[in-house]
Protein chains: 2
Amino acid sequence: MKPTESELEILQVLWEKGPSTVRQVNEQLNQAKEVGYTTTLKLMQIMHEKAILSRTEEGRYHVYEALLSEEETQKHLIDRFVDTAFRGSAMKLVMQALGNSKATPQELDELKRLIDQLK
Amino acid sequence: MKPTESELEILQVLWEKGPSTVRQVNEQLNQAKEVGYTTTLKLMQIMHEKAILSRTEEGRYHVYEALLSEEETQKHLIDRFVDTAFRGSAMKLVMQALGNSKATPQELDELKRLIDQLK
DNA sequence: AAAGGTATACGAATCATTTCGTAGATGTCA
DNA sequence: TGACATCTACGAAATGATTCGTATACCTTT
């Protein structure tokens with residue numbers, strides 16, 4: 001339930017691309033940095049054991065799929081992050097993140113709408 | 001420049017309490033969970049080596065102080081977090097964090113003001 | 001001065017994560 | 001069929017973070 005950083009990278013790929021083989025994931029990862037094939041394989045096997053990924057055997061290949069939803073996972077991660085880095089204050093996180101970001105006026109409007117909904 | 005989780009816990013204490021001895025920090029940490037004195041000591045020594053903390057020797061004691069500012073550090077952490085967990089989209093992080101949080105109406109107003117400033 | 005308490009220094013055990021080499025199975029193609 | 005490519009399984013090295021035991025020095029109190 002607490003993916004490590006490398007696991008997260010793999011999840012990203014699967015969330016973006018949908019169910020994939022090790023090779024597909026590995027190739028995607030390699031666009032950012034060099035990672036050996038067996039490294040990715042091993043990681044995905046471990047994630048399968050931990051029930052983070054499901055696996056379907058199609059002939060000789062294994063096709064993996066994320067069992068955690070992106071949203072749920074992000075929710076968890078934010079909780080932990082707020083605790084460890086912001087002493088529990090989500091608002092501080094939000095304001096800092098917003099300050100750093102180069103949000104477009106549209107995005108800012110969208111955010112305002114979200115705020116109004118929350119009130 | 002990339003504090004680990006334990007290091008962050010120590011930084012939190014120093015940011016909150018200001019310059020402190022190992023014992024003071026350790027006692028603070030122990031309110032949340034049990035940590036041995038020498039564990040905290042070692043960690044703070046390492047942080048000193050890494051130039052995360054400064055150290056002043058006052059008689060027999062060493063007084064440590066954070067060399068990283070809370071804001072700067074949080075900024076870095078957010079950047080990394082946005083990358084690893086939100087594929088680079090700070091807006092997604094902000095909206096998720098806001099959705100999860102139980103912000104008070106006052107806080108939401110404050111946030112709106114911040115947004116207007118950014119526009 | 002001796003005993004007890006408390007400091008720092010430091011090496012090393014432990015634990016988690018990441019990386020990769022090698023082996024064995026299976027498919028493909030000349 | 002035989003050579004070659006590609007797949008999974010698996011053990012274990014490498015790395016990084018955390019934790020702690022022990023040594024040594026110094027103060028304080030009796």
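Below, read A as the first sequence line, B as the second, and so on, with proteins coming before strands; counting in each chain starts at 1.
- Of the residues in residues 29-41 of chain B, those placing a heavy atom less than 4.0 Å from an atom of DNA chain C are B:Y37, B:T38, B:L41, in numerical order.
- The distance from atom CD1 of A:I52 to atom C1' of C:dT17 is 13 Å, rounded to the nearest whole Å.
- Side-chain atoms of B:T38 never come within 3.5 Å of backbone atoms of B:L41 as a donor-acceptor pair (strictly under, hydrogens ignored).
- Across the protein-nucleic acid pair, B:E49 atom CD and D:dA17 atom P stand 13 Å apart, rounded to whole Å.
- Within the 3.5 Å criterion, the main-chain N or O of A:I10 finds no donor-acceptor partner in the side chain of A:W15.
- Take the nearest nucleotide of DNA chain D for A:V22 and for B:K50: the residue whose nucleotide is more 5' is A:V22.
- Straight-line distance from the CD atom of B:Q45 to the C1' atom of C:dA7: 11 Å, rounded to whole Å.
- No more than 12 heavy atoms of other residues, nucleotides or ligands sit less than 6.0 Å from atom CD of B:E71.
- Atom C1' of nucleotide D:dT8 and atom NE2 of A:H48 are separated by 12 Å, given to the nearest angstrom.
- Below the 3.5 angstrom threshold, one finds a donor paired with an acceptor across the side chain of A:K42 and the base of D:dG11.
- Of the possible polar contacts, one joining the B:E107 side chain to the B:T104 backbone as a donor-acceptor pair under 3.5 Å is found.
- For the pair A:K2 NZ and C:dA16 P, the interatomic distance rounds to 10 Å; values are reported in whole Å.
- Residues A:E70 and B:K92 form a side-chain contact, since some pair of their non-hydrogen atoms from C-beta on lies under 4.5 Å apart.
- The aromatic rings of B:Y64 and B:H48 lie perpendicular to each other, with more than 60° between the two planes, well past the 30° mark.
- Comment: A:R80 engages B:E5 in a salt bridge, judged by a side-chain N to carboxylate O separation of less than 4.0 angstrom.
- Rounded to a whole Å, the CD atom of B:E5 is 18 Å from the P atom of D:dG16.
- In this structure, B:R55 does not pair ionically with B:E65, as no charged nitrogen and carboxylate oxygen lie closer than 4.0 Å.
- Residue A:R55 has its side chain nearest to D:dA9 when only D:dA9, C:dT6, C:dT17 are considered.
- Side-chain atoms of A:T84 do not come within 3.5 Å of backbone N or O of A:V82 as any donor-acceptor pair.
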Under 3.5 Å, which protein N or O atoms sit close to an N or O of nucleotides 25-30 of chain C? Give each pair with its distance.
none

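- If you measure from atom NE2 of B:H62 to atom P of D:dC26, you get 12 Å, rounded to the nearest angstrom.
- Along DNA chain C, the nucleotide nearest to A:I46 and the one nearest to B:Y61 differ in position, and the one closer to the 5' end is contacted by B:Y61.
- At the phosphate of D:dT18, OP1 or OP2 sits under 4.0 Å from a side-chain N or O atom of B:T4.
- B:R23 has its CZ atom 15 Å from the C1' atom of D:dC26, to the nearest Å.
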